[in-house]
Amino acid sequence: LEKMTDLVAVWEVALSDGVHKIEFEHGTTSGKRVVYVDGKEEIRREWMFKLVGKETFTVGATKTKATINIDAVSGFAYEYTLEINGKSLKKYLENRLKTTNTWILSLDGTDYRVVLEKDTMDVWCNGQKMETAGEFVEDGTETHFTVADHSCCIKAVSSGKRKEGIIHTLIVNNREIPEAVE
């Protein structure tokens, strides 16, 4: 296995199907560009005469669009920025905090990462989109699903405050799971 000598950037991107690692190699003498997603080579270009530009690829089960921008800052120094769905990584992650809820829990010695996409009410667990059943209840809605033979429920209730909107709570085995901060 050839050593990653031209590794210039590494990003961790939390998507609904998991946290993905994006690595970028840029050989400024050879003009080589290599993009790895979760250790798997996605793009390899040799002998690129233009050292600046962009590389676009997809990440994860949701085939989320990602672009690495390569810009010259001065002389032979380069800056590498990652965009997800056309937004800077920072903006994308800020927006994601508003549109998703994430919980990390341990059941029978196994760790699970549960993500709720608020706009679609899709539920993901460790990279898999879950089969869910939704029902209306007195104070809101409940979305039911199963993780490792444990019944899980995401309760959605109004906060009563317009700015806060709807509060989503994950309940597993009658226990409330605190929301994770990624």
Side-chain angles (χ1 to χ4, degrees), residues 9-24 35-43 56-68 81-182:
V10 178
W11 296 275
E12 299 260 318
V13 182
L15 300 176
S16 294
D17 69 329
V19 179
H20 299 280
K21 186 177 185 179
I22 297 171
E23 296 167 291
F24 183 54
V35 175
Y36 297 92
V37 177
D38 299 327
K40 190 176 148 288
E41 188 175 298
E42 287 293 315
I43 295 174
T56 300
F57 51 98
T58 61
V59 180
T62 52
K63 298 269 179 247
T64 302
K65 184 180 156 216
T67 302
I68 295 173
T81 52
L82 180 67
E83 288 179 2
I84 303 291
N85 281 339
K87 294 184 177 82
S88 73
L89 184 58
K90 185 175 183 285
K91 277 266 179 273
Y92 173 79
L93 294 175
E94 283 169 5
N95 185 50
R96 214 181 133 64
L97 283 173
K98 295 179 193 130
T99 60
T100 61
N101 287 80
T102 302
W103 297 272
I104 307 288
L105 62 145
S106 188
L107 296 171
D108 311 321
T110 304
D111 289 340
Y112 295 94
R113 179 176 176 271
V114 175
V115 178
L116 168 68
E117 293 180 355
K118 295 184 212 176
D119 50 352
T120 58
M121 291 306 285
D122 286 341
V123 176
W124 292 77
C125 181
N126 288 7
Q128 300 295 315
K129 196 163 149 189
M130 304 301 287
E131 282 287 322
T132 60
E135 68 172 317
F136 289 98
V137 292
E138 193 182 311
D139 54 353
T141 62
E142 291 183 354
T143 303
H144 298 272
F145 58 100
T146 306
V147 173
D149 295 329
H150 294 269
S151 60
C152 305
C153 169
I154 296 174
K155 283 184 74 75
V157 294
S158 170
S159 64
K161 299 182 187 87
R162 239 178 106 230
K163 275 214 181 306
E164 281 176 44
I166 295 170
I167 297 169
H168 296 88
T169 311
L170 175 63
I171 296 156
V172 180
N173 301 333
N174 296 320
R175 201 180 89 223
E176 191 175 312
I177 307 298
E179 194 175 342
V181 179
E182 289 189 307

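Residues: numbered from 1 along the sequence shown.
Closest non-hydrogen pair, K118 versus L97, comes out as NZ-O, 4.4 Å. Residues K87 and Y92 approach most closely at CB-N, 4.1 Å, considering heavy atoms. Of all heavy-atom pairs between C152 and L170, the closest is CB-CD1, 4.3 Å. Heavy-atom minimum distance, E42 versus V37: CG-CG2, 3.5 Å. Heavy-atom minimum distance, N101 versus E179: ND2-OE1, 3.0 Å. When all heavy atoms of L15 and T64 are compared, the pair lying nearest together is CD1-OG1, 3.8 Å.
Of the inter-residue distances, the one linking I177 atom CD1 with T102 atom OG1 reads 13.5 Å to the nearest 0.5 angstrom. Taking OG of S151 as the start and CG of N174 as the end, the distance is 7.5 Å to the nearest 0.5 Å. Atom-to-atom distance recorded for T67:OG1 and L82:CG is 8.0 Å, nearest 0.5 angstrom. Taking OG1 of T120 as the start and NZ of K129 as the end, the distance is 7.0 Å to the nearest 0.5 Å. Taking OH of Y112 as the start and CD of Q128 as the end, the distance is 12.0 Å to the nearest 0.5 Å. To the nearest 0.5 Å, the span separating OH on Y36 from CD on E41 amounts to 5.0 Å.
The environment of D119 atom CG is dense: over 12 non-hydrogen atoms of other residues, nucleotides or ligands sit within 6.0 angstrom. Applying the 6.0 Å contact sphere to CG of N173 captures more than 12 heavy atoms from other residues, nucleotides or ligands. Other residues, nucleotides and ligands contribute at most 12 non-hydrogen atoms within 6.0 Å of the CD atom of E131.
Taking the side chain as every heavy atom from C-beta outward, L107 and V147 approach each other to under 4.5 Å. Between M130 and V114 the shortest side-chain heavy-atom distance does not fall below 4.5 Å. Looking at T143 and V123, their side chains come closer than 4.5 Å, going by heavy atoms from C-beta outward. Contact annotation: the side chain of R96 never approaches that of N85 to less than 4.5 Å [non-hydrogen atoms, C-beta and beyond]. Looking only at side-chain heavy atoms (C-beta outward), W11 and I68 come within less than 4.5 Å of each other.
In this structure, D17 contributes its side chain and A61 its backbone to a donor-acceptor pair below 3.5 Å.
Using a 4.0 Å cut-off between a side-chain N of Lys or Arg and a carboxylate O of Asp or Glu, K21 and E12 do not qualify as a salt bridge. Using a 4.0 Å cut-off between charged side-chain N and carboxylate O, K98 and E94 make no salt bridge.
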### Message
Between I22 and F57, does the side-chain contact (heavy atoms from CB on, under 4.5 Å) criterion hold? Intermediate values first, please.
### Response
CA-CA 11 Å; I22 297 171; F57 51 98; 3.8 Å; yes
### Message
Using side-chain contact (heavy atoms from CB on, under 4.5 Å), reason through T132 and M121 one step at a time and then give a plain yes or no.
### Response
CA-CA 9 Å; T132 60; M121 291 306 285; over 6 Å; no
